[in-house]
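Structure, as structure tokens:
Chain letters run A, B, ... following the sequence lines, proteins first, then strands; residues in each count from 1.
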Amino acid sequence: MATTRPHPAEPPARLWRNPEPKRAYDVVIVGSGGHGLATAYYLARNHGITDVAVLERGWLAGGNMARNTTIIRSNYLLDQSAALYELALRLWEGLESELDYDFLLSQRGVLNLAHTEQEVRDSRRRVFANALNGIDAQWVSPPEIAELCPILDVSPDVRYPVLGATWQPRAGIAKHDYVAWAFARRADQLGVDLIQNCEVTGFTTDGDRVTGVETSRGTIAAGRVGLAAAGRTSLLTDTLGLRLPLQSHPLQALVSELLEPVHPCVVMSNHVHVYCSQAHKGELVLGAGIDSYNGYGQRGSVHVVEHQMAAALELFPVFARAHVIRTWAGTVDVTPDASPIIGPAPVENLFLNCGWGTGGFKATPGAGWVFAHTIATGGPHPVNEPYGLERFATGALIDEHGAAAVAH
Amino acid sequence: MLSIECPWCGPRDEAEFRYGGQAHVTHPDDPDALDDAAWGEYLFFRDNPRGPFAERWCHSAGCRRWFDVVRDTATNKMRPGTPAARKPVSP
């Protein structure tokens, strides 16, 4: 008997055009991850610069943006870091309505655990520093932690007892793909060309000036070029003979099968070396440190995954029977002081946004805001002024290793 | 996990080793002659290629000696019998 099948639904309207690259733009951004897209959006929104192309070697937001663990927070120790990440967090808080896109920002709070007396001192110091910078942070005791996150083992008889934690209530998670699509749609509406499958292979120069980029789809002239290519940034600057203080490493993460909502916040532990949250859909999302060696393979070592799962079980015995569904790795560019480089390159018309290491996602709107300012005006915004390349000659490093969520 | 060939102990799991970064970075002969930029270059700037990379490893859970290896950073293939492999580099 013949059955009638319903017609497939019309495909949804596209969120952005898919234009052919023009031969010239005022600004070319290399890399359409979160940072590249946010930069293009703020170039248009804040500076009226809309003759912009964002070039992507693969597909939009298919690199580290698709591989991160989606955590947002601003509880950094140093003033320079606090300013940058708090700018981002304040932007996050208004971004869903501004971009008219629900990217599931969930300010469920982050606990950074302390397991040693020294960590207790360091953590309390960070709480005081946060308070001085107007950032919400509290010191919470084990009984308070047990209320905030009942599944966390705060008993005193484990190998690394939880002695306390810092608590930032405004921290949380967001759906990373949606964030990229939200920026992409708005940037596109403002006239930005988002061009996928267009790999930048080098630059065109005139003396000491960059005049454009060589791509797999031909030469594209540009008044200014902004690099937001994360782990591959130094491969691009190598073509100019420009060395950067970057080392690219695999950074692994993994998700479990879907579980009922059991984990109400984000938990990070530097000491047992893991961080964990539960995605909106129900997966546990776990990350830890980078693999030690340089690598572009987008895969890491099994023993690193084993360590992070052992650390997770130390904190959450309830996860013992959860199955790992996927593991993956991104390629992160780590600087010697664990802070990013945002500013003009020592080559005219070229601008750097790189070195975010393991922490680029949370900064996405803030990075875009200050990088757009830097490209539009030729000089840094007050917030990214300390983040110039010159700090590796002056020695004015922004050494945030100690306050990073998980050491790397 | 990488399988790394220690020139003294043979192939062992990566977990026995400590990574030492780029090989053949020599200490400046006359540090006092360097300006800040050149000193910063020596301290902080390393090659970061996608492809063959001469790097140092220490067999920290074994013989505890340093050695050089050429590894492809895209494929993790290590070139055995690197000429400098048996010659510990100065720290």
Side-chain angles (χ1 to χ4, degrees), chain A residues 57 199 201 229-239 241-250 252 289-307 329 331-339 341 346 354-355 388-397 399 408, chain B residues 1-6 11-26 28 31-62 66-79 82:
Chain A
R57 78 188 175 101
E199 180 170 11
T201 54
R232 305 175 76 86
T233 302
S234 63
L235 299 179
L236 290 169
T237 58
D238 279 351
T239 66
L242 170 64
R243 278 180 110 205
L244 296 177
L246 296 175
Q247 296 282 277
S248 295
H249 290 262
Q252 298 190 78
I290 54 172
D291 282 48
S292 66
Y293 53 81
N294 292 22
Y296 291 92
Q298 289 185 323
R299 69 183 59 193
S301 301
V302 176
H303 68 275
V304 175
V305 170
E306 284 181 335
H307 278 149
T331 305
V332 298
D333 44 335
V334 179
T335 61
D337 63 357
S339 291
I341 299 165
C354 58
L389 187 59
E390 61 280 359
R391 75 179 187 273
F392 297 100
T394 63
L397 303 181
D399 188 356
H408 55 260
Chain B
M1 191 181 307
L2 307 180
S3 175
I4 299 171
E5 180 140 353
C6 170
R12 294 288 192 277
D13 285 347
E14 176 195 340
E16 292 189 17
F17 294 85
R18 180 184 166 165
Y19 186 60
Q22 185 175 355
H24 312 303
V25 179
T26 52
D32 292 339
L34 266 51
D35 62 11
D36 288 348
W39 185 248
E41 176 94 9
Y42 164 67
L43 286 181
F44 300 125
F45 289 65
R46 297 291 180 268
D47 295 340
N48 192 26
R50 185 180 188 278
F53 185 47
E55 63 190 10
R56 308 170 74 214
W57 289 86
C58 177
H59 193 189
S60 48
W66 285 93
F67 59 95
D68 297 351
V69 149
V70 175
R71 181 179 56 93
D72 188 305
T73 60
T75 63
N76 286 331
K77 286 214 173 74
M78 292 192 176
R79 193 183 301 162
T82 305

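Between chain A and the residues B:Asp13, B:Asp35, B:Asp47, B:Thr75, the most heavy-atom pairs under 4.5 angstrom are made by B:Asp47. Of all the listed residues (B:Gln22, B:Arg18, B:Glu41), the one sharing the greatest number of non-hydrogen pairs under 4.5 Å with chain A is B:Glu41. If you tally non-hydrogen atom pairs under 4.5 Å between each of A:Arg243, A:His303, A:Arg232, A:Gln298 and chain B, the highest count goes to A:Arg243.
Looking at A:Leu235, the atoms closer than 4.5 Å to chain B (heavy atoms on both sides) all sit in the side chain, from C-beta outward. Contact annotation for A:Arg391: neither backbone nor side-chain heavy atoms come within less than 4.5 Å of a heavy atom of chain B. For B:Phe44, the parts lying near chain A are the backbone and the side chain together; criterion is any non-hydrogen pair under 4.5 Å. Proximity to chain B (any heavy atom under 4.5 Å) is restricted, for A:Ser234, to the side chain, taken from C-beta onward.
Contact check for A:Phe392 versus B:Leu43: no side-chain heavy atoms found under the 4.5 Å cut-off.
Between the A:Gln247 side chain and the B:Phe45 main chain, no donor and acceptor come within less than 3.5 Å of each other. No donor-acceptor pair under 3.5 Å is formed between the side chain of B:Arg71 and the backbone N or O of A:Gly295.
In plain terms, the two heavy atoms of B:Ala37 and A:Ala393 that are nearest each other are CA-CB, 3.9 Å. Of all heavy-atom pairs spanning A:Ser292 and B:Tyr19, the tightest one is O-CD2, 3.1 Å. B:Asn48 and A:Tyr296 make their closest contact through O-OH, 2.6 Å (heavy atoms, listed as atom of the first residue, atom of the second, distance).
Rounding to the nearest 0.5 angstrom, the gap separating the CZ atom in B:Arg46 from the CG atom in A:Asn294 is 11.0 Å.
Using bins of under 30°, 30° to 60° and over 60° for the plane-to-plane angle, the ring pair A:Tyr293/B:Trp57 lands in the tilted bin.
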